[in-house]
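Each remark here refers to the structure printed beneath this line.
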Amino acid sequence: MIKDIDVVLSTRIRFARNIKDYPFASRLDATSCREIIEKVEAVLCGFEKTDLTDTDPLKAQCYVEAHRISPEFAVSSLPHALLEKGDTRVMVCEEDHIRLQVIKRGFELDSAFAEACVSDDALLSGLRIAYDEELGFLTHCPTNLGNAMRASVMMFLPALAMTGELKGIVSQLSKLGFTIRGIYGEGSEAQGYLYQISNSETMGLTEEATVSRLGDVVTQIIGHERNARERIKAAGVKAYDPLCRAFGVLKYSCTMTSKEFIGLYAKVRLGVAIGVVNEIGYETLDSLFTAVMPCTLAEGERLSEAQRDKKRAEVIKEKLT
Amino acid sequence: MLCSKCHKNEASVYFKQNINGEVREYALCPQCAAEAELGFAPLNLFGSMLTQAKPKTDHKRCTLCSSDFSEIKKRGKVGCAQCYSVFAEELKPMIESIHRGAKHNGRAPEGYSEKRKAQNELEALKNELRAAIESEEYERAAKLRDLIREKEADND
Ligand SMILES: [Zn+2]
Ligand SMILES: [Zn+2]
């Protein structure tokens with residue numbers, strides 16, 4: 001059982017680190033990049049390396065769709081590599097020399113943070129990391145100075161969006177030092193009612209305090225979302241019938257755009273959450289999300305839009321049957 | 001349709017961004033999309049704040065990355081870690097305004113964390129000393145003072 005998977009899709013902790021003695025990415029040459037990759041690889045034990053330097057752009061885009069790397073990393077023209085071990089991924093020669101991140105399914109702030117610290121300890125003791133007593137970790141972009149940590153949680157908030165309660169929450173969040181990304185109000189369905197909430201401050205608070213504050217806020221939002229869902233269910237068959245129908249359309253269509261997919265995905269996911277759609281679980285549903293992304297779907301082939309939409313429907317049908 | 005950011009490449013990524021209630025629509029080329037997606041905070045913010053700052057000396061350059069302040073202003077990002085000390089004075093007002101004057105408080109590389117730990121211990125001892133003097137425990141205060149001297153000598 002994954003913790004709070006009905007509301008929280010995933011949790012991510014990311015640290016930005018740079019090695020002293022090398023310029024930042026915008027001033028880096030290929031030789032230095034290779035040296036940095038070697039150095040990072042040497043201090044991280046048991047990680048598997050993928051050199052992305054000469055990777056086909058379509059393949060790199062697949063990595064982006066699977067959340068293995070950032071979009072910027074995919075198009076980097078300098079040597080760059082990905083080191084992976086379990087849920088920990090380290091992008092070397094990104095905007096900062098090192099972007100260490102741990103992504104876990106569900107609401108897992110504490111364990112994700114603990115895991116990120118294990119690898120970070122290895123970096124901090126094995127490398128000459130750029131640091132200043134007052135400014136903290138020295139990063140390419142001054143907005144990330146301090147603990148250079150971004151803790152974020154990807155939330156599924158359809159009921160709060162539909163009932164309009166999200167607006168009030170959003171304005172409070174920014175006052176508390178959090179950033180929420182996503183569409184609320186009109187167009188939120190097209191984005192799957194997915195919202196990323198993260199800390200906007202990196203200076204002054206310890207990492208632990210940042211994580212625990214984010215945890216408190218997310219816990220409260222989870223409660224509100226579940227209450228709002230109960231009200232939708234209590235509103236009766238008219239309120240939840242569209243969720244059940246969405247499952248039918250999702251399963252039996254012969255062609256589907258990605259926009260339509262996301263809308264149906266959100267409805268079905270809400271249906272699963274309030275217990276009116278029982279034919280499918282979160283695991284399968286969420287795995288569809290990556291499987292039907294354009295590059296992952298194409299598997300290296302160049303597909304026309306029509307071909308892609310047809311293949312998307314086929315993949316969905318196969319997974320749901 | 002051309003990319004709405006660089007106006008050079010063909011746009012292939014269309015997206016809506018909503019940050020704290022403000023919705024913006026973009027049509028971007030893959031490179032600009034990648035840039036836009038990634039910064040921890042809106043990237044242009046810092047650059048636009050920097051353009052208001054004037055460098056104190058025009059010909060100062062960082063010895064490690066050879067950036068001068070006008071280049072840092074243009075990019076909105078520094079060239080290397082050393083830039084933060086080379087251009088400390090020029091960068092200070094902006095860093096203070098972005099981070100509201102806060103100082104780092106958290107993880108640190110190995111050497112630093114020991115130094116910080118030692119400083120924290122020293123601070124605690126000094127507080128104890130003050131308390132001891134206030135409560136007229138002079139014998140204990142003398143012991144604490146010796147201990148503090150010892151620690152201070154170690155730290156240097
Ligand atoms: Zn562009
Ligand atoms: Zn420099």
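Residue numbers start from 1 in every chain, and the chains themselves are labelled A, B, ... in the order their sequence lines are given, proteins ahead of strands.
With a threshold of 4.5 angstrom between heavy atoms, A:N147 approaches chain B through its backbone and through its side chain. For chain B, the nearby part of A:E201 is the side chain; its heavy atoms alone come within less than 4.5 Å. Looking at B:E71, only its side chain comes within 4.5 Å of chain A, counting heavy atoms on both sides. Contact of A:D121 with chain B is made through backbone and side chain together, with heavy-atom distances under 4.5 Å. Within the 4.5 angstrom heavy-atom criterion, no atom of A:R128 approaches chain B. For chain B, no part of A:S200 is nearby; none of its heavy atoms comes within less than 4.5 Å. If you measure heavy-atom distances from A:E133 to chain B, the contacts under 4.5 Å come from both the backbone and the side chain.
Looking at A:R27 and B:S67, their side chains do bring a donor and an acceptor atom within 3.5 Å of each other. A donor-acceptor pair shorter than 3.5 Å can be found between the side chains of B:T63 and B:Q82.
Relative ring orientation between A:H97 and A:Y22 is described as perpendicular, the plane-to-plane angle rising above 60° on a 0-90° scale split at 30° and 60°. Relative ring orientation between A:H140 and A:F24 is described as tilted, the plane-to-plane angle lying within the 30° to 60° band.
Taking A:T139, A:N18, A:I129 one by one and counting their heavy-atom pairs under 4.5 Å with chain B, the maximum is reached by A:T139.
For the pair A:L205 and A:R213, the minimum side-chain heavy-atom distance is below 4.5 Å.
Under the 6.0 Å distance and 45° angle rule, A:R181 does not count as a cation-pi partner of A:Y195.
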